[in-house]
Number of protein chains: 2
Amino acid sequence: MARWEPDARLRLVQAAIDVYAEQGFESSTVAQVAERAGLTKATFFRHFPDKREPLFAGQDEHGALFTAGAAEAPANATPLEVVTAALDHATATFTAEQRAFGPRLRAVVAAHDELRERAAFKRAHLAEVLTTSLRERGIPDPTAAIAADLGVEAFHRAFARWSDGEGPSYGELAREELRALHAAATSLS
Amino acid sequence: MARWEPDARLRLVQAAIDVYAEQGFESSTVAQVAERAGLTKATFFRHFPDKREPLFAGQDEHGALFTAGAAEAPANATPLEVVTAALDHATATFTAEQRAFGPRLRAVVAAHDELRERAAFKRAHLAEVLTTSLRERGIPDPTAAIAADLGVEAFHRAFARWSDGEGPSYGELAREELRALHAAATSLS
DNA sequence: TCTGTCGATGAGACCGTGTCTCATCACCGT
DNA sequence: ACGGTGATGAGACACGGTCTCATCGACAGA
């Protein structure tokens, strides 16, 4: 039993998406978001470090999921197989709720540079984490970085397709995107 | 003859690097940077849109250089050859002054998440621009994106080596990095 | 030399972000 | 009933960033 209305954090996320979508990110204030969630500005900042972060809530876990998935790959796996394992593990955790929020979220983020900047940072962080996983398996430097880049690119392309309603599971789409990206990378010259 | 001390913008850039390096980015105020440049806060914001931007001044031109360089490649060039042309064109414009500022700049940026976020955004923008150049030459979607990613990655790796004092020209280093990245990309499975 | 224009700067008010401290409130175990 | 605990509210605060208005210094033209 909660002492106050439960799920304050989730309410803030939904309020942020709604308010930013309705008024635009820059024209919205944190106080407005908090009020829509039935809270105050101070409480907003207890749950999120800044005005943008509610739109990226949960995204920090993806790094840990990638790492865990990569660790499950057999010791003699190729870089691409390790990345596939990481994608499989991460995509398996996505829920129908996340799928439903996807398009609105991507629309809001795409409309404001400040939010695209945060998205680019999250993406770079994910690539860094995956690169580290690959390096720790003995995969040398430029190879690890490229393999990680392909993996993250596939992750995002697959999420876009999946949340836009394409049939296959997120995991299947990610594997498919990764294969396509790898094929493209081998035909550049 | 200037009516005031000339090169206000350049003085602000140097002041920003100095102050952020000495006190840390978050502990510094825009007023301090402006004062060190002999100016005021209001003038700072006439030259730069926000506190971070002076550290990335000039970086916006790289996109245009990439585009111009890509346009110089012959019509039947492979994706990798187009990227090489873009790198050649962009790297040729770098000066000894930029080389000298490189390490200090990278150290300051690497030390603060807010600045790394901006760097990630600039990088993503560069990749987007290069991807567009490749697409307009008829290179299909996933291939263009991958080729652009390799090019931007090579661009940054080469800059790090070049500004750290490695012998070859920036252009040579970039070509070398691009070759290495392409080789790595073809040996992932 | 005087005068008016023009662009860069300074001064300062203003709102919102993000931080901090303190008070309040509801539940929980004793 | 009582104190402990943790989430919240209230409000002050520094700084980022925007805006308006005044100032200044060079230049052109009379």
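Proteins come first, then strands; the chains are lettered A, B, ... in the order of their sequence lines, and each starts at number 1.
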Length of the [atom1]-[atom2] vector between [X] and [N], whole Å:
| X | N | atom1 | atom2 | result |
| --- | --- | --- | --- | --- |
| A:Phe25 | D:dG17 | CZ | P | 12 Å |
| A:Phe44 | C:dT17 | CZ | P | 9 Å |
| B:Phe48 | D:dT18 | CZ | P | 14 Å |
| B:Glu114 | D:dG17 | CD | C1' | 14 Å |
| A:Leu39 | D:dA7 | CG | C1' | 10 Å |
| A:Leu115 | C:dT17 | CG | C1' | 15 Å |
| A:Tyr20 | C:dT17 | OH | C1' | 11 Å |
| B:Arg52 | D:dG16 | CZ | P | 12 Å |

Please tell me which of the listed nucleotides, [options], lies nearest to the side chain of [X]?
| X | options | result |
| --- | --- | --- |
| B:Thr40 | C:dA11, D:dG16, D:dG9 | C:dA11 |
| A:Thr29 | C:dG16, C:dT9, D:dT8 | C:dG16 |
| A:Phe45 | C:dT9, C:dG18, C:dG12 | C:dG18 |

- request: By nearest nucleotide on DNA chain C, pick out whichever of A:Val30 and A:Ala42 is the more 5' one.
  value: A:Val30
message: Can you tell me if A:His47 touches the phosphate of D:dT8, counting only side-chain N or O atoms and a distance under 4.0 Å to OP1 or OP2?
response: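 Affirmative; the distance criterion is met.
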query: Hey, mind stepping through A:Arg106 and A:Asp164 against salt bridge (Lys or Arg N to Asp or Glu O under 4.0 Å) and telling me if it holds?
result: CA-CA 10 Å; A:Arg106 279 186 296 124; A:Asp164 275 348; 2.9 Å; yes
message: Categorize B:Ser28 for me: base, sugar-phosphate, or nothing, with a 4.0 angstrom heavy-atom threshold over every strand shown.
response: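 Sugar-phosphate, no base atom in range.
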message: Looking at every heavy atom in both A:Ala147 and A:Leu134, which two are closest together, and how far apart are they?
response: CB-CD1, 3.8 Å
task: Return the minimal non-hydrogen interatomic distance between B:Ala34 and B:Leu12, and the atom names on each side.
output: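 Smallest heavy-atom distance, with atoms named: CA-CD2, 4.1 Å.
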query: Side-chain donor or acceptor of A:Lys41 under 3.5 Å from a matching atom on the base of D:dG9?
result: no
message: For D:dG6, does the base pair up with any side-chain atom of A:Arg46 as donor and acceptor (N or O, under 3.5 Å, distance only)?
response: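 By the distance-only test, no, there is no pair.
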- prompt: So, does A:Arg99 use its side chain to make a donor-acceptor pair with the main chain of A:Ser163 at under 3.5 Å?
  reply: no
task: Could you point out which residue of B:Arg157, B:His156, B:Arg161 forms a side-chain hydrogen bond (donor to acceptor under 3.5 Å, both in side chains) with B:Glu177?
output: B:Arg161
